[in-house]
Amino acid sequence: TQNFLRIVIPYLGIFFTLGSSEVQVVGPADRVVALIGDDVILPCSPQPNVSAVGMIVRWTRLNPKAENVHFYRQGRDSNEDQSPSYKGRTSMFHEELKNGNVSLKLTRVTLSDTGRYRCFLPTLMKETSFQLIVGAVSQPVISIDGTKGMGVVLKCESGGWFPEPEMEWLDSSGTILPADGPPEKHRDSEDLYALRRHVTVDQTDTNRFTCRVHQTEINHLKEKEIHVPGEVFIG
Ligand SMILES: *[C@@H]1O[C@H](CO)[C@@H](O)[C@H](O)[C@H]1NC(C)=O
Ligand SMILES: *[C@@H]1O[C@H](CO)[C@@H](O)[C@H](O)[C@H]1NC(C)=O
């Protein structure tokens, strides 16, 4: 037996190595971005296409804090060690497993869901991980805040952003205007950013001005335009 094992074990090693290295576990091409309250799908599938029926699938979050997100085995969601913050919010597409789709659906995302997620298939000894970024956006609101010399002071306000966005004033040709100082910022009770920024504008051909709020990490932009009636300038 000793000799037999000595001969067979290396072959088993090669067999398993070859068997599993052919298949990769593939996630999204880029990070996944969602907005607060959204339902989001975290994509994951073995490639080339193999059935995942009967496989074990473990979804975890690696950072900022390690959490058990979802555990699937023996043909069912076996979530006894699931972190409380994910309770009742995770599901897999059971009817899709035969197509190799082990994606996770996460409902009602919150800011604290942001982090690096790992999809691990112990059966294949393969995993993938990727970043989920949860953001929040809101529409800016413009108002006329008075006059200053020949100019009109405009105020732009936008609350409910995450992560912290940029706020800018532009003229009708899209040129950034020098604002009356940097944006004033504060965090609300839900940790979202609220911004306010003033600009003093002189009369132009169009009297149209735009406030733009932009968050590059979540790639969201919101704009609002105001038309200031000519008579406001004459004051
Ligand atoms: C998995 O199935 C879900 C539900 O049909 C679908 O939305 C998702 O795009 C699929 N993902 C992959 C990676 O095939
Ligand atoms: C995987 O194979 C199944 C069955 O042949 C097919 O229905 C499904 O569309 C395939 N999925 C992908 C991602 O190729």
Quick check: do Leu121 and Val57 have side-chain heavy atoms less than 4.5 Å from each other?
yes

Test salt bridge (charged side-chain N to carboxylate O under 4.0 Å, His left out) on Arg73 and Glu80; report intermediate values, then the result.
CA-CA 12 Å; Arg73 71 166 171 193; Glu80 54 274 348; 3.2 Å; yes

Check: Under 4.5 Å between any side-chain heavy atoms of Arg118 and Val69, yes or no?
Finding: no

Does some side-chain heavy atom of Cys211 sit less than 4.5 Å from a side-chain heavy atom of Phe209? no

Student check: side-chain heavy atoms of Leu104 and Cys44 closer than 4.5 Å: no

* So Tyr117 and Tyr86, would you call those rings parallel, tilted or perpendicular, with 30° and 60° as cut-offs? -> perpendicular

Rounded to the nearest 0.5 angstrom, the CD-CZ distance for Glu127 and Arg58 is 12.5 Å

Note: Val102 and Ala52 closest approach over all heavy atoms is CG1-CB, 3.5 Å

Pair Ser173-Thr175, side-chain donor/acceptor within less than 3.5 Å:
yes

Closest non-hydrogen atoms of Val23 and Lys126, given as atom of the first, atom of the second and distance, are O-NZ, 3.2 Å

To the nearest 0.5 Å, atom OG of Ser91 lies from atom OH of Tyr72 at 12.5 Å

Partner of Asp113 under salt bridge (charged side-chain N to carboxylate O under 4.0 Å, His left out), picked from Lys65, Arg89, Arg61, is Arg89

field: Full working for side-chain contact (heavy atoms from CB on, under 4.5 Å) between Asp77 and His94
entry: CA-CA 9 Å; Asp77 300 302; His94 292 188; 2.9 Å; yes

d(His220 NE2, His214 NE2) to nearest 0.5 Å is 10.0 Å

Rounded to the nearest 0.5 Å, the CD atom of Glu168 sits from the CG atom of Leu195 at a distance of 11.0 Å

Item to complete: Determine whether Leu192 and Leu111 make a side-chain contact, defined as any pair of heavy atoms from C-beta on separated by less than 4.5 Å.
Response: yes

Notebook entry, point to check: Do we see a donor-acceptor contact under 3.5 Å between the side chains of Gln82 and Thr90?
Noted result: yes

Between Glu184 and Arg196, does a salt bridge (charged side-chain N to carboxylate O under 4.0 Å, His left out) hold up when you go through it step by step?
CA-CA 5 Å; Glu184 300 160 47; Arg196 179 192 300 135; 2.9 Å; yes

Rounded to the nearest 0.5 Å, the CD atom of Glu231 sits from the CD atom of Gln203 at a distance of 9.5 Å

Original post:
Is there a side-chain contact between Ile56 and Phe71, using heavy atoms and a 4.5 Å cut-off?
Top reply: yes

